Amino acid sequence: MQELILLMVGAVLVNNMILARFLGLCSFMGVTTRIDTAVGMGMATTFVITVSAAGNWVIEYALLIPYHLEYLRTVTFILVVAAAVQFTEMSVRKISPPLFKMLGIYLPLITTNCAVLGASLLNVEGKYGFLTSFLFAFASAFGWSLVMVIFAGLRERIALNNVPVLMAGPPIGFVTAGLLALAFMGFSGISTN
Amino acid sequence: MNDTADTYVDASGRKVVEGIARVVALEGRTAWLEPEQTSACGGCKSAGVCGATGSTASRLLARRFPLDNTAGLTVGERIVVGTYEGTLLQASLIAYALPLLIMIGAAVTAQALTGSDGASAAGAIGGLAVGVGLARLGAGRLTARGELTPRFLRRAFNEGPGQDCHLD
């Protein structure tokens, strides 16, 4: 149990998807101009990453490994990710059409988000069991969303200040992202003893 | 009393987030609106016709929403609509967090009871089904309160700065 908790805390803070593994950077820069869009995107991505990681684990251990089809892993995982996004889109639309109109904008972006595929591939690399894979993917996605929201908060603050024209927009965004990554590097010094 | 470029506090003290929509059809007293694309490519002048996310036309069609045409809107007009700031968070919690947490709870419980990966996977699927059902109930309550429907705020200028998208 302690190992599982450490794995999850590590996935959120130490081996963060964005700041340590550099996955999902497109959305990181693109959807973080406002906190509420970052929250919407973060929650949708967390849901898709967790669901597709569960689906990919089942495919990996029920189909790919028994039939020695490991060479098809990437293609299969991409298919599962696309299916998970479609499932999410359909279920949100079924749950409530107004809710879909509000949240549907983020879903197409997730299909091409490398963080979703990355979480499943990391699970395979770690040779985790179902529950560990599932919780690791959830923690990774939560860490991704956490950084998105923190970064969106910082960018909202920056927007209220007088940034020199040369640094306005993406340049100051990249500088801020670098400082945030440095701050998160501090977590790699956490002692597990 | 502007907080950021696209958020303000209304008379009841609640923060309202603004977005741009275009009137695409009129049916009696109802105006049908299409929201302009505000995604990763937001902030550019071509946001309304951006095709970066695939079949944009069908997506915009799917996201059309009705509005009471009390302001005498005409087809082609761009207007500023608003929703309360907490609504998106509330909607996200119901649509994503609730099913996900129930799914995780069911998977952990199944694993603790049986110690088998198969049972844990089955528990996750069952939990997801229950979670989606509960999300549907929660969304129904929000819809009934009218929390998910954007409101008309004002007309948008076609070429004015800051009126193309409201992300920057």
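Here the structure is a predicted model, which means the values were calculated and not measured. Every heavy atom of this structure was used, including side-chain atoms; hydrogens, water molecules and symmetry mates were not. Just so it is clear: chains get the letters A, B, ... in the order the sequence lines come, proteins before strands, and each one is counted from 1.
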Donor-acceptor pair, side chain of B/Asp117 and main chain of A/Phe130, under 3.5 angstrom
yes
Work out which heavy atom in A/Gly40 is nearest to a heavy atom in B/Ser92; give both atom names and the distance.
CA-OG, 3.7 Å
Is the number of heavy atoms from other residues, nucleotides or ligands within 6.0 Å of CG (A/Leu166) greater than 12?
no
Linked, directly or transitively: A/Phe77 and A/Phe87 (ILVMFWY side chains, under 4.5 Å)
no
According to a hydrophobic-cluster definition based on side-chain heavy atoms being under 4.5 Å apart (Ile, Leu, Val, Met, Phe, Trp, Tyr only), do B/Leu101 and B/Leu93 belong together?
no
One option among B/Leu89, B/Ile104, B/Val132 has the most heavy-atom pairs under 4.5 Å with chain A, and it is B/Ile104
How many angstroms lie between atom CE of A/Met43 and atom CD1 of B/Ile94, to the nearest 0.5 angstrom?
10.5 Å
At under 4.5 Å between heavy atoms, what parts of residues 133-140 of chain A are in contact with chain B? List them by residue number.
A/Phe134, A/Leu135, A/Phe138
From OG1 (A/Thr132) to CD (B/Gln111), nearest 0.5 Å:
7.0 Å
B/Leu128 versus chain A, the contacting section by heavy-atom distance below 4.5 Å
side chain
Path from B/Val130 to B/Leu137 over hydrophobic side-chain contacts below 4.5 Å:
yes
A quick test of your reading: do over 12 heavy atoms of other residues, nucleotides or ligands sit less than 6.0 Å from OH of A/Tyr128?
yes
Engaged part of B/Ala107 at the chain A interface, taking heavy atoms whose separation is under 4.5 Å
both
Decide if atom CE of A/Met185 counts as having more than 12 heavy atoms of other residues, nucleotides or ligands within a radius under 6.0 Å.
no
With chain A as the partner, which of B/Ala121, B/Ala139, B/Gly133, B/Ser116 has the greatest number of non-hydrogen pairs under 4.5 Å?
B/Ala121
Following the transitive rule for hydrophobic clusters with a side-chain heavy-atom cut-off under 4.5 Å over Ile, Leu, Val, Met, Phe, Trp and Tyr, establish whether B/Leu113 and B/Val108 coincide in one cluster.
no
Mind checking whether A/Met90 and A/Val116 sit in one hydrophobic cluster, side chains of I, L, V, M, F, W, Y counted as touching below 4.5 Å?
no
Kindly indicate, with the supporting measurements, whether the criterion side chain to side chain contact (heavy atoms under 4.5 Å, CB included) is fulfilled by B/Tyr96 and A/Thr88.
CA-CA 9 Å; B/Tyr96 302 122; A/Thr88 310; 3.6 Å; yes
